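Working notes, structure below.
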Amino acid sequence: MKKVLVVDDSETVRQQLGDALSRAGLAVIEACDGLDGLERVAENQDLSMLILDVNMPRMNGLDMLDKLKENPKTAALPVLILTTEAQSSMVARAKQAGAKAWLIKPVRMDLLVDVVQKLTN
Amino acid sequence: MTEREHRIKRETSTAKLPVVDTLIQSATVAVFHAWGVATAPLSPGELSPDSVHLDFPVGIVTFKAPGINAALMLSLPPALSDRLVARQGGRADGRDLLRELTNLVMGRLKNRLTLYQVAVTNNLPACRERMSELKSLLPKVGPFTAYRFRTLDGEILVALKGSIDESRLSYSSTIQINAEGDIIIF
């Protein structure tokens with residue numbers, strides 16, 4: 001079973017994503033900010049992809065993305081950004097850092113699951 | 001509409017913040033629509049924080065830009081809050097859900113202000129349980145404007161406290177923004 005790490009400081013969002021992705025046959029683990037997310041990545045060597053929020057306490061999603069790409073062990077993991085942020089400069093930064101997609105909240109769950117399935121296959 | 005027409009519209013409007021009023025109302029309606037809640041905006045009014053009935057907890061996010069120093073608050077009627085929590089399978093934390101809804105309204109407002117050539121920075125949204133906690137986060141100056149929205153479960157209240165200089169907002173029809181719900185594949 002493909003395993004997805006959802007990193008978002010909102011428990012509500014993590015639950016919504018967890019429910020939708022589980023129904024699609026994916027295993028989901030959660031983290032509440034970038035630092036917590038890096039710990040989950042270190043503990044789970046079999047991750048298929050990550051979904052990152054941007055604005056989070058302690059470490060934001062873009063800084064976490066940079067850390068993932070700096071590490072040869074995690075650099076190839078597909079990353080999807082899910083956020084309320086829509087500024088073109090931030091989108092461009094994520095693209096340059098190696099993210100695969102940027103989704104602006106609120107997004108339809110069926111469309112999000114479709115993107116996740118494409119990125120994990 | 002040309003910039004001149006925008007300026008005339010702003011100067012002749014009876015509202016003190018015609019642009020921001022419209023943006024907050026449209027942002028709130030759109031966010032709650034996405035969550036399956038129909039809302040009807042009522043006329044905004046300038047009040048004192050103590051004269052407004054806020055259903056606690058209240059979601060709050062502070063934001064800044066050149067000419068802007070303000071806080072956005074969101075208060076839900078208990079029946080609506082209960083319904084939204086129940087819709088999440090009853091597992092959701094009402095305070096977290098309120099914080100996320102505040103985040104979504106702020107995100108939409110911030111995105112729309114980009115069209116007016118304003119780059120807003122905001123803090124992380126928070127939730128406060130009582131007025132004394134809320135007041136400590138509010139900007140000291142500027143009016144308190146309440147935006148009410150009728151729903152089948154009571155009235156949603158969005159409030160704005162602080163200073164916003166609308167003369168600094170200059171609409172540009174050439175700025176392209178990414179919209180909520182957009183999926184950008186790299």
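Since the model is a prediction, treat every value here as computed from it, not as a measurement. Lettering of chains follows the sequences in order, A, B, ..., and the numbering in each one begins at 1.
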Next item on the list: Flag yes if more than 12 heavy atoms outside A:Lys69 fall under 6.0 Å of its NZ atom; otherwise flag no.
Entry: yes
Item checked: Donor-acceptor under 3.5 Å (B:Asn111 side chain, A:Ala86 main chain) -> no
Item checked: Intermediate values then yes/no, side chain to side chain contact (heavy atoms under 4.5 Å, CB included), B:Ile185 and A:Val115 -> CA-CA 9 Å; B:Ile185 306 287; A:Val115 174; 4.0 Å; yes
Notebook entry, point to check: Do A:Trp102 and A:Val6 belong to the same hydrophobic cluster, where Ile, Leu, Val, Met, Phe, Trp and Tyr are linked whenever their side-chain heavy atoms lie under 4.5 Å apart, directly or via other members?
Noted result: no
Margin query: Is A:Asp9 in contact with chain B via its backbone, its side chain, both, or neither, using a 4.5 Å heavy-atom distance?
Written below: both
Notebook entry, point to check: What heavy-atom pair brings A:Gln87 and B:Val120 nearest, and what distance separates the two atoms?
Noted result: NE2-O, 4.1 Å
Margin query: Can you tell me which of A:Thr83, A:Leu82, A:Asp19, A:Asp8 forms the most heavy-atom pairs within a distance under 4.5 Å of chain B?
Written below: A:Asp19
Check: Between A:Arg108, A:Gln16, A:Met56, which shows the greatest number of heavy-atom pairs under 4.5 Å with chain B?
Finding: A:Gln16
Notebook entry, point to check: For B:Arg87, does the CZ atom sit with more than 12 other heavy atoms under 6.0 Å from it, leaving out its own atoms?
Noted result: yes
Notebook entry, point to check: Under 4.5 Å between any side-chain heavy atoms of B:Phe186 and A:Lys95, yes or no?
Noted result: yes
Item checked: Point-to-point distance, once rounded to the nearest 0.5 Å, from CG of B:Asp182 to CG of A:Leu111 -> 11.0 Å
Margin query: How close do A:Val107 and B:Ile183 get, counting heavy atoms only, and between which atoms?
Written below: CG2-CG1, 4.1 Å
Notebook entry, point to check: Between A:Glu11 and chain B, which part of the residue has a heavy atom less than 4.5 Å away: side chain, backbone, both or neither?
Noted result: both
Notebook entry, point to check: Side chain, backbone, both or neither: which part of A:Lys105 has a heavy atom under 4.5 Å from chain B?
Noted result: both
Margin query: Minimum heavy-atom separation for B:Asn178 and A:Ser88, please, with both atom names.
Written below: ND2-OG, 3.9 Å
Item checked: Donor-acceptor contact below 3.5 Å, side chain A:Gln15 vs main chain B:Arg91 -> yes
Check: Any chain of hydrophobic side-chain contacts (each under 4.5 Å) joining A:Val4 to A:Leu68?
Finding: no
Check: Any chain of hydrophobic side-chain contacts (each under 4.5 Å) joining B:Val31 to B:Leu115?
Finding: yes
Next item on the list: Inspect the surroundings of CD in A:Glu43 and state if more than 12 heavy atoms from other residues, nucleotides or ligands are less than 6.0 Å away.
Entry: yes
Item checked: Contacting region of B:Ile177 [heavy-atom separation from chain A under 4.5 Å] -> neither
Next item on the list: Kindly check if the number of other-residue, nucleotide or ligand heavy atoms within 6.0 Å of NZ (B:Lys64) is above 12?
Entry: no
Next item on the list: Could you go through the side chain to side chain contact (heavy atoms under 4.5 Å, CB included) check for B:Asp93 and A:Thr12 one step at a time?
Entry: CA-CA 7 Å; B:Asp93 169 14; A:Thr12 304; 5.8 Å; no
Note to self: Measuring from atom CG of B:Leu104 to atom OG of A:Ser10, what distance do you get when rounded to the nearest 0.5 angstrom?
What the structure shows: 8.5 Å
Next item on the list: Measure the spacing between CD1 of B:Ile184 and CG of A:Leu103 and express it to the nearest 0.5 Å.
Entry: 8.0 Å
Notebook entry, point to check: Highest number of heavy-atom pairs under 4.5 Å with chain A: which of B:Gly107, B:Gly181, B:Ala179?
Noted result: B:Gly181
Checklist line | Side-chain heavy atoms of A:Pro106 within contact of B:Arg108, under 4.5 Å | finding: yes
Checklist line | Joint cluster assignment, B:Leu152 & B:Leu76, ILVMFWY side-chain distance < 4.5 Å | finding: no
Item checked: Minimal non-hydrogen separation, B:Glu180 against A:Ile104, with atom names -> CA-CG2, 3.6 Å
Next item on the list: Determine whether A:Leu50 and A:Leu119 fall in the same hydrophobic cluster, where Ile, Leu, Val, Met, Phe, Trp and Tyr are linked whenever their side-chain heavy atoms lie under 4.5 Å apart.
Entry: no
Note to self: Before you tell me yes or no, could you show the steps for A:Val13 and B:Glu100 under side chain to side chain contact (heavy atoms under 4.5 Å, CB included), namely the whole-Å CA-CA distance, both residues' side-chain angles and the distance that decides it to 0.1 Å?
What the structure shows: CA-CA 8 Å; A:Val13 173; B:Glu100 181 59 16; 3.4 Å; yes
